[in-house]
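What follows is a set of notes on a single structure, which appears directly below.
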Amino acid sequence: MHAGSGLRDALAEGHRSWFRYRSLAVDSGLALGYAGAGLLLGRERPPVGWQPLDELGAVLTVLVGLALLARRIAPVAVFATSDALWIVFITCGYWPVVNSMPPLLGLYTVAATRSLRTSVGCAAVVAGTWVYAGLGNAENGSMPTVLAQAVLFPAVVFVVGRGSGRLAERNRQFAELTFQLRKEQEENARRALTEERVRIARELHDVVAHHMSVISLQAGMASYVFPTDPAASRQALDTIADTSREALEEMRRMLDLLRVGREGRPDGRADPENAYAPAPGLELLDRLLDRVRGAGIPVTMEVVGTPARLPQGMALCVYRVIQEALTNVLKHAGRTSAAVTLRYESGAVVVTVTDEGSGGSSGEGSGAFRSNTVIAPGHGLIGMRERAKVYGGSVTAGPRALGGFEVRLVLPAPTTGAPRPL
């Protein structure tokens, strides 16, 4: 998770660097383009009353264009520089149209990036410069036209710039919110995974505690009857061997899960009401199905194949997956019926929970789960997958081709060999 965050930050920084270089390239192109266009326009014969472009005029034109290089860094300063050079250009008697575009682009940048007050002031400066240019050749021009242009052109640039600035700000805020939401989603998923693993580990702890109690009782009985009944003592020792092997296997799984902090109440103690409650298993499936039927959902149960004895932890996994899948049916499938199938195969135990409903089944494809809300505390598909992973199995959940929803659990068949080392 942390490696993914580091990669995302590196990609974001790379994107920002690329954007800066792209902006610099765009501004360089604009500066050179405006300077070149001004020089080409200056070679044309100007209207009556304006003098042709000479060396001084060419220098002023190039300077006005090059000022645009820094328009993103210092918009107000660039606008003031380009407009001041434009005024000098007009005062020298050159045709104002040649260098009118850089100040307008500077006004656009100010309107997009600075406050309303500053933008209005810059727009007024452009309008005043435009009127000043018209007054410089009033005898050969129409002042009403000049006044209309002095109001219309800066106003249009001002409105477009303000709108562009608001859009850019909204996009920036949206990008920040998206990034923050992604971080919160990752944190919630990490927290859910941690809580679910610790809860599973606590239940496996109950399983191991049960096995150790059996071992203790059988060891005491073997010691007691050893002188008088060797056969009973041998049977007790066989029970101890089988139970300890299963307990070691469950303890190994529990230690694999206990990679995170403690779960539960702030003081770290267990709930006293459930401290001595046995972990549920397949023997409690009928009671679970009766509760679902009592809630108004008809449920059928089918067992296929020859039932095999499952380790208590694996039986608990089967029970929890069925419980959470049926809870999903209760909360989101609407008026429907459900079916639970427990299939014992030669190399696996397969559990399927299906329903015929359609309510709330919109997900993220075949791997989506309709809800993370369950009767028992848990986190939906995250919890089911974590439980299955402990025993080398898998869980899939998604819409069925013929309608409804299906949750499928596949666990490898339990082995009776020696346990793996801790």
Side-chain angles (χ1 to χ4, degrees), residues 1-16 170-205 253-271 274 280 316-317 319-334 353 355 357 359-399 405-409:
M1 194 72 70
H2 293 294
S5 299
L7 177 60
R8 186 177 60 251
D9 292 342
L11 291 175
E13 180 60 31
H15 177 74
R16 286 191 291 268
R170 283 197 295 266
N171 290 338
R172 185 190 64 80
Q173 293 177 354
F174 178 74
E176 291 180 355
L177 290 175
T178 301
F179 179 76
Q180 185 64 28
L181 178 61
R182 187 180 296 114
K183 288 181 62 177
E184 291 178 358
Q185 288 175 339
E186 291 177 354
E187 183 62 29
N188 291 337
R190 183 164 53 245
R191 187 182 302 112
L193 183 62
T194 298
E195 293 175 354
E196 193 65 26
R197 285 181 174 178
V198 174
R199 189 169 73 90
I200 296 171
R202 177 173 292 169
E203 292 180 347
L204 292 181
H205 171 270
R253 295 188 175 100
M254 181 178 65
L255 292 177
D256 285 343
L257 284 171
L258 286 177
R259 298 189 295 268
V260 292
R262 304 177 70 179
E263 172 226 25
R265 294 165 49 172
D267 56 7
R269 295 178 297 175
D271 186 351
N274 299 317
L316 173 61
C317 173
Y319 178 89
R320 290 300 192 200
V321 169
I322 294 175
Q323 180 188 44
E324 297 195 6
L326 290 177
T327 301
N328 185 61
V329 175
L330 280 172
K331 288 188 172 293
H332 301 281
V353 181
D355 67 73
S361 61
S362 59
E364 299 169 0
S366 60
F369 197 52
R370 288 181 294 197
S371 174
N372 281 342
T373 307
V374 292
I375 292 176
H379 298 279
L381 189 57
I382 292 177
M384 293 196 291
R385 282 178 173 163
E386 283 299 305
R387 291 181 181 277
K389 191 192 306 181
V390 170
Y391 297 95
S394 62
V395 172
T396 57
F405 205 77
E406 178 182 88
V407 176
R408 179 181 178 87
L409 166 69

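What you see below is based on every heavy atom in this structure, not just the backbone, and it leaves out hydrogens, waters and symmetry mates.
- Heavy atoms only, all atoms of each residue included: Met384 and Val395 are closest at O-CG2, 3.6 Å.
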Where do Lys183 and Glu187 land on the salt bridge (charged side-chain N to carboxylate O under 4.0 Å, His left out) test, with the steps shown first? CA-CA 6 Å; Lys183 288 181 62 177; Glu187 183 62 29; over 6 Å; no

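- Remark: Gln180 CD to Gln185 CD distance equals 11.0 Å, nearest 0.5 Å.
- Glu176 contributes atom CD, which lies 13.5 Å from atom CG of Leu181 (distance to the nearest 0.5 angstrom).
- Nearest heavy atoms, Ser394 versus Ala388: N-CB, 3.7 Å.
- Between Cys317 and Tyr391, the shortest heavy-atom distance links the atoms CB-CE1, 4.1 Å.
- Note that the CD atom of Glu184 and the CZ atom of Phe179 stand 11.0 Å from one another [nearest 0.5 Å].
- Between Glu186 and Arg182 there is no salt bridge, since no side-chain nitrogen of the basic residue lies less than 4.0 Å from a carboxylate oxygen of the acidic one.
- Atoms CG and CD, on Asn328 and Gln323 in that order, are 12.5 Å from each other to the nearest 0.5 Å.
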